[in-house]
Protein chains: 2
Amino acid sequence: MRRDVFQAIADPTRRAIIALIALQAMTPNAIAEHFDSTRQSISKHLRILSECDLLSKTQQGREIYYQLQIEKMKDIDKWLDQFRKIWETRFNQLDNVLSAIKNNKK
Amino acid sequence: MRRDVFQAIADPTRRAIIALIALQAMTPNAIAEHFDSTRQSISKHLRILSECDLLSKTQQGREIYYQLQIEKMKDIDKWLDQFRKIWETRFNQLDNVLSAIKNNKK
DNA sequence: AATTTGCGAAACCGATCGGCTGCATTTATA
DNA sequence: TATAAATGCAGCCGATCGGTTTCGCAAATT
């Protein structure tokens, strides 16, 4: 299934997983210990995160290390870029509304 | 209902709405013209975006102008900050996995 | 005063979500 | 070789999602 990064980070548990393994790769069991839900539930989240390439796996014997593909996080940053340009130049938000209304009245 | 910014931007239509009205406030009807779905469907999206303070309303007669609260977009930027620090300093992702495994073997 | 316009709320619907339990498989250990 | 450990998958469930149609209401227009 083709997944979307924005849909992946919508869930708070998945965001917590991302933050947890950002610095160090971890196994599903080790990750699950940090949460209240079951290991299988975490496993599902890992699958979703993997499907949109936010995570990659490295098998080591019977253990599987999941690590964050930090490059993929830049996708979100790129999307934010268009708005970053705006909030860096906009000083008075009210101008926005008023000009819109004025243009419409013409 | 208390809404979450990350859940709000998970939907592609809502992201398109955000981009559409980023520069200029618009009415629900005007926004809906840019999409295939019904006006009521767009109205639902506007409600969700409003509930997490991404949008604000300005009534003008019987028309309601929705405008993006660009400040709220910074919430996403703030969340990305923790990862931005990482991708700016990490040159070799492989180091990450290997050190994790090594630490585990101790 | 009657009609049109702009909008939101409610009710419904199939699809998906996020959690669970149970099971199968592979690898390590006793 | 038998057992334990690590993991993923399938199926179930109630809740939520995103869409639609129908309706009601207030403001503008005729």
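Lettering follows sequence order; numbering is per chain, from 1. Values reported hereafter were calculated over all heavy atoms of this structure, with side chains retained and with hydrogens, waters and symmetry mates removed.
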For DNA chain C, the residues among residues 10-19 of chain A that have a non-hydrogen atom under 4.0 Å from it: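 Per residue number, the list reads A:D11, A:T13, A:R14.
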
Ion pair present between A:D11 and A:K44, side-chain N to carboxylate O less than 4.0 angstrom?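 Between A:K44 and A:D11 there is no salt bridge, as every charged N stays at least 4.0 Å from the carboxylate O atoms.
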
Looking at residues at least two apart in the chain, or sitting in another chain, which of them share a side-chain hydrogen bond (donor to acceptor under 3.5 Å, both in side chains) with B:R84?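 Once residues adjacent in sequence are excluded, the partners of B:R84 under the side-chain hydrogen bond (donor to acceptor under 3.5 Å, both in side chains) criterion are A:D77, B:D77, B:D81.
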
[X] to [Y] - nearest heavy-atom pair and separation:
| X | Y | result |
| --- | --- | --- |
| A:R14 | A:Q7 | NH2-O, 3.4 Å |
| A:A16 | A:F35 | CB-CE2, 3.5 Å |
| A:L54 | A:M73 | CD2-SD, 3.5 Å |
| B:R3 | B:C52 | CB-CB, 3.5 Å |

May I ask you to say what A:Q7 touches in the nucleic acid, namely base, sugar-phosphate or nothing, with a heavy-atom cut-off under 4.0 Å?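 Sugar-phosphate contact only - A:Q7 comes under 4.0 Å of backbone atoms but never of a base.
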
Identify whether any heavy atom of A:S37 sits under 4.0 Å from a base atom; if not, whether one sits that close to sugar-phosphate; answer base, sugar-phosphate or nothing.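 Here A:S37 touches the backbone only, sparing every base.
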
Check the distance between [N]'s [atom2] and [X]'s [atom1] and give it to me in whole angstrom.
| X | N | atom1 | atom2 | answer |
| --- | --- | --- | --- | --- |
| A:Q59 | C:dA28 | CD | C1' | 13 Å |
| B:I42 | C:dA9 | CD1 | P | 15 Å |
| B:H45 | D:dG19 | NE2 | C1' | 8 Å |
| B:I48 | D:dC17 | CD1 | C1' | 8 Å |

Can you tell if the side chain of A:T27 reaches within under 4.5 Å of the side chain of A:I64, non-hydrogen atoms only?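 In short, these two side chains do not touch, never coming nearer than 4.5 Å.
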
So A:L68 and B:I86, do their side chains get closer than 4.5 Å, heavy atoms only?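 A side-chain contact under 4.5 Å is absent here.
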
Give a yes/no answer on whether the side chain of A:T38 brings an N or O atom under 4.0 Å of OP1 or OP2 in C:dG19.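 Answer is no, no contact under 4.0 Å.
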
Summarise how protein sits on nucleotides 2-14 of chain D as a single string, 5' to 3': B when a protein heavy atom is under 4.0 Å from the base, S for sugar-phosphate-only contact, - for no contact. --BBSBBB-B---

